[in-house]
Amino acid sequence: MDNRNVLVVGGTGCGKSVLCNVLTGTDEFKEGNYTVSETQNIQIRSFDWKEIKYSVADTVGIGNINLTTKEVLSSIIEKINSMSEGISQVLLVTDGRFLKEEIEIYDFLKEIFKGGFVTIVRTKFASFQNKDECEKDIKAMLDVNKKIAKIVKSCKVIHVDNPPIDIKAYENNSDDDEDVVTINRINAKSRNKSREKLLSHLEQVCQDDKLKMGKKFSFSKIVKIIKKN
Ligand SMILES: Nc1nc2c(ncn2[C@@H]2O[C@H](COP(=O)(O)OP(=O)(O)O)[C@@H](O)[C@H]2O)c(=O)[nH]1
Ligand SMILES: [Mg+2]
């Protein structure tokens, strides 16, 4: 069976772990809101789709309060190295704010791989099923500043919405309980739609050739890249 390795990166709290759950169809990646510490043990999970085995790797985000940028980038390198066959596609997750952290990760990845390997996944976008709204949003990204415009132009952008599916009801109020069940159900539907969109995107963009990081990639080079920003 063919296999594809997908690396998920981005700032803290932008929805990386949720995206990994949605893609792999599990709840094994730890979701959290960004005031709480997030993914410490970077995880990989696999699933089969249309005769292809996909392995999805979550990473810790830059901006994590417990780790320095250097530590985060070196943990991403570790992750890339653990996928020994190489990376098929990088999903750079942003929730629309396009933080300095996301730009740093992009520059870093550009330094270690070349070419069109990155898909920007715009999360928390409720109108993700509406093509016009997605296009409008891409236009808005192009207008933020030159640097972001350059990144957006070099990548494919895909919009999704993966809202929470474990919202808890107030206690002792049956009416509210019903509403919460309904919201969770609607949110699960949105996640399913996002998954369909992501899978058909991956099917298109993942080539047989995988990206490999230069074996001699050194830590001092990482530091240089960070300092450049
Ligand atoms: N509404 C909505 N909430 C999201 C989405 N993606 C993530 N979240 C929420 O954002 C928070 C951070 O998500 P998480 O995946 O843990 O972020 P990470 O730090 O990038 O791994 C959680 O509270 C999620 O429920 C999304 O697409 N839509
Ligand atoms: Mg996480």
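When a ligand or atom number is given, it counts from 1 through the structure's own listing order. The first residue of the sequence shown is numbered 1, and numbering continues consecutively from there.
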(request) Flag this pair as yes if the NZ/CZ of Arg195 is under 6.0 angstrom from the six-membered ring centre of Phe128 and inside a 45 degree cone about the axis; otherwise no. (result) no
(message) Please confirm whether Gly13 approaches ligand 1 to less than 4.0 Å, judged on its heavy atoms.
(response) yes
(message) Please check whether Leu19 reaches ligand 1 - meaning an N/O of the residue sits under 3.5 Å from an N/O of the ligand, judged on distance alone.
(response) no
(request) Using a strict cut-off of 4.0 Å, indicate which atoms of ligand 1 neighbour a heavy atom of Asp161. (result) 1 (N), 2 (C), 26 (C), 27 (O), 28 (N)
(message) Just to be sure I'm reading this right: ignoring hydrogens, which of His159, Lys16, Lys30 gets closest to atom 20 (O) of ligand 1? Compare them by their nearest heavy atoms.
(response) Lys16
(request) Could you check which of Cys20, Ser190, Gly61, Gly15 puts a non-hydrogen atom nearest to atom 6 (N) of ligand 1? (result) Gly15
(request) Taking atom types as modelled, find out whether Ser17 and Asp58 have a side-chain donor-acceptor pair closer than 3.5 angstrom. (result) yes
(message) Could you check whether Glu28 and Asn21, counting side-chain N and O atoms only, form a donor-acceptor pair closer than 3.5 Å?
(response) no
(request) Find out if a path of hydrophobic residues (ILVMFWY) with successive side-chain heavy-atom gaps under 4.5 Å connects Val144 to Val118. (result) yes
(request) Within a distance under 4.0 Å of any heavy atom of Ser17, pick out the atoms of ligand 1 and give their elements. (result) 15 (O), 21 (O)
(message) Suppose I only count heavy atoms of Glu31 and a 4.0 Å limit; which atoms of ligand 1 are within that range?
(response) 16 (O)
(message) Checking the N or O distance criterion of under 3.5 Å, is ligand 1 in contact with Cys14?
(response) yes
(message) Does ligand 1 come near enough to Asn162 that some N or O of the ligand is less than 3.5 Å from an N or O of the residue?
(response) yes
(request) Kindly identify the option in Ser194, Ala126, Pro164 whose heavy atom sits closest to atom 25 (O) of ligand 1. (result) Pro164
(message) Show me which atoms of ligand 1 lie under 4.0 Å from any heavy atom of Thr123.
(response) 27 (O)
(request) Look at the N, O or S atoms of Ser17, main chain and side chain alike, and state whether any lies under 2.8 Å from the Mg ion (ligand 2). (result) yes
(message) Less than 3.5 Å apart, any donor N or O on the side chain of Ser88 or Asn5 sitting next to an acceptor on the other?
(response) no
(message) Just so I know, are the side chains of Val9 and Phe108 near enough to count as touching, which here means a heavy-atom distance under 4.5 Å?
(response) no
(message) So, applying salt bridge (Lys or Arg N to Asp or Glu O under 4.0 Å) with Asp107, which one of Lys100, Lys150, Lys147 is it?
(response) Lys147
(request) Could you check if a side-chain atom of Leu91 sits within less than 4.5 angstrom of a side-chain atom of Leu23, using non-hydrogen atoms only? (result) yes
